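Each residue takes its place number in the sequence, starting with 1. These numbers were taken from a predicted model, which means no experiment stands behind them.
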Amino acid sequence: MKCIAPIYYVSISVILFNLVPMKMISRAIAFILLFQTFTVANAQDTFSIVAVDSVTGEVGSAGASCVDLILSFPNFTPDFLGDLFPGIGAINTQANYNATNQANARTRMLAGDTPAQIISWLIANDVQNNSTNRQYGIAALVNGSPQTAGFTGSNCLNYKNHVTGPNYCIQGNILLNQAILDSMEARFLNEPGDLACKLMAAMQGAKVVGADTRCTNNGTSSLFAFLKVAQLGDTIGNPSLLVTVKTPGGSGIEPIDSLQNLFDAVTNCSITGTPILTFPSPNIFPNPTTNAVTISGKDVMDLKSFRLYDMKGRLLREERVSVLPLQLDLQSVKAGVYMLELLSPSQQTHHKIIKQ
């Protein structure tokens with residue numbers, strides 16, 4: 001993997017030093033810090049993923065949001081919500097982001113706490129005594145084995161949720177719906193490449209207009225995006241891979257496409273940017289199920305085939321569809337969670353199915 005140098009931004013405090021008398025500098029700095037704390041704390045960060053690789057020891061984070069960093073927070077880099085700890089783990093801190101909560105999470109991980117322990121500590125020790133509007137995703141290597149944990153406060157803005165797997169946690173708020181998270185998960189699981197490739201695939205899974213619903217009128221999923229991976233031997237704050245994008249509101253530029261272009265310039269993955277979601281979603285019932293599910297609705301009228309994967313990304317079944325609605329027999333698979341991929345000439349959609 002090639003390296004890409006981090007992008008640096010000029011702090012507004014440097015500009016102020018040239019505009020105000022020296023006796024006012026301390027007041028100006030205090031105001032800036034107060035302004036940053038207030039405004040960023042009230043910013044909602046939308047969809048993101050953290051993941052670790054127990055084979056390579058790599059840890060990674062990626063995410064995007066419909067917050068105009070160029071206009072509102074010019075001194076914040078797009079990856080501010082993600083912390084990487086080489087060989088240890090990754091933490092994403094979002095939804096009413098608070099830098100002190102993030103710093104506390106960082107301290108707990110470096111102290112050796114597991115993801116679940118960190119989440120419990122953050123809930124009990126929220127800096128503003130209100131964890132109900134926070135959202136966290138944590139993945140770590142604990143004695144060489146991956147562990148994950150997520151948290152979505154009850155007062156985060158809808159749609160909100162998180163999903164966890166053996167080595168990843170995906171979370172979001174102000175989302176179009178659950179399909180955004182499910183699509184990110186499916187693309188992450190089905191991508192055969194390394195951790196960086198899997199994270200980029202997950203981001204492509206959320207490339208839907210209005211994935212962050214605030215960006216619907218902008219015609220994009222978000223306004224800024226980032227992806228970073230730390231390898232064994234990296235130092236904290238200096239990951240081997242860091243790509244970031246921030247676009248102005250109203251530009252109509254898709255950040256995930258721009259992120260893909262930067263990513264392709266420094267990696268060897270061959271991830272396509274084909275749109276994979278349209279809405280509304282088909283009806284899948286009953287779900288959970290004991291034996292079979294029926295897939296129906298106008299969204300599947302041109303359905304040509306389907307694939308069924310387990311949660312490790314292994315293909316279990318692939319068949320062409322000749323009769324609609326589709327009756328999918330699941331008697332031959334064990335109880336558990338599966339990912340169903342529906343394919344038509346115009347789209348791919350991914351849906352989680354629970355077999356009891």
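The two residues Pro86 and Ala230 come nearest to each other via the heavy atoms CG-CB, 4.0 Å. Looking at every heavy atom in both residues, Gln178 comes nearest to Asn161 through OE1-ND2, 2.8 Å. Nearest heavy-atom pair, Gly144 versus Ser54, reported as atom, atom and distance to 0.1 Å: O-CB, 3.6 Å.
Each of Ile118, Asp126, Asn125 was checked for a side-chain contact (heavy atoms from CB on, under 4.5 Å) with Leu122, and the lone residue meeting it is Ile118.
Side-chain atoms of Ser240 and Asp234 form a donor-acceptor pair, as typed in the model, at a separation below 3.5 Å. Under 3.5 Å, the side chains of Asn143 and Ser145 contain no donor-acceptor pair of N or O atoms. Counting only N and O atoms by type, the side chains of Thr152 and Gln135 include a donor and acceptor under 3.5 Å apart.
The line from OG of Ser48 to CE of Met203 is 8.5 Å long, rounded to the nearest 0.5 Å. From Thr46, atom OG1 reaches atom CD1 of Ile180 across 10.5 Å, with rounding to the nearest 0.5 Å. Atom CE in Met109 sits 4.0 Å away from atom CD1 in Ile91 (nearest 0.5 Å).
Checked against a 6.0 Å centroid threshold, the rings of Phe80 and Phe73 do not count as neighbours.
Within the 4.5 Å cutoff, no side-chain heavy atoms of Thr93 are placed close to those of Asp83.
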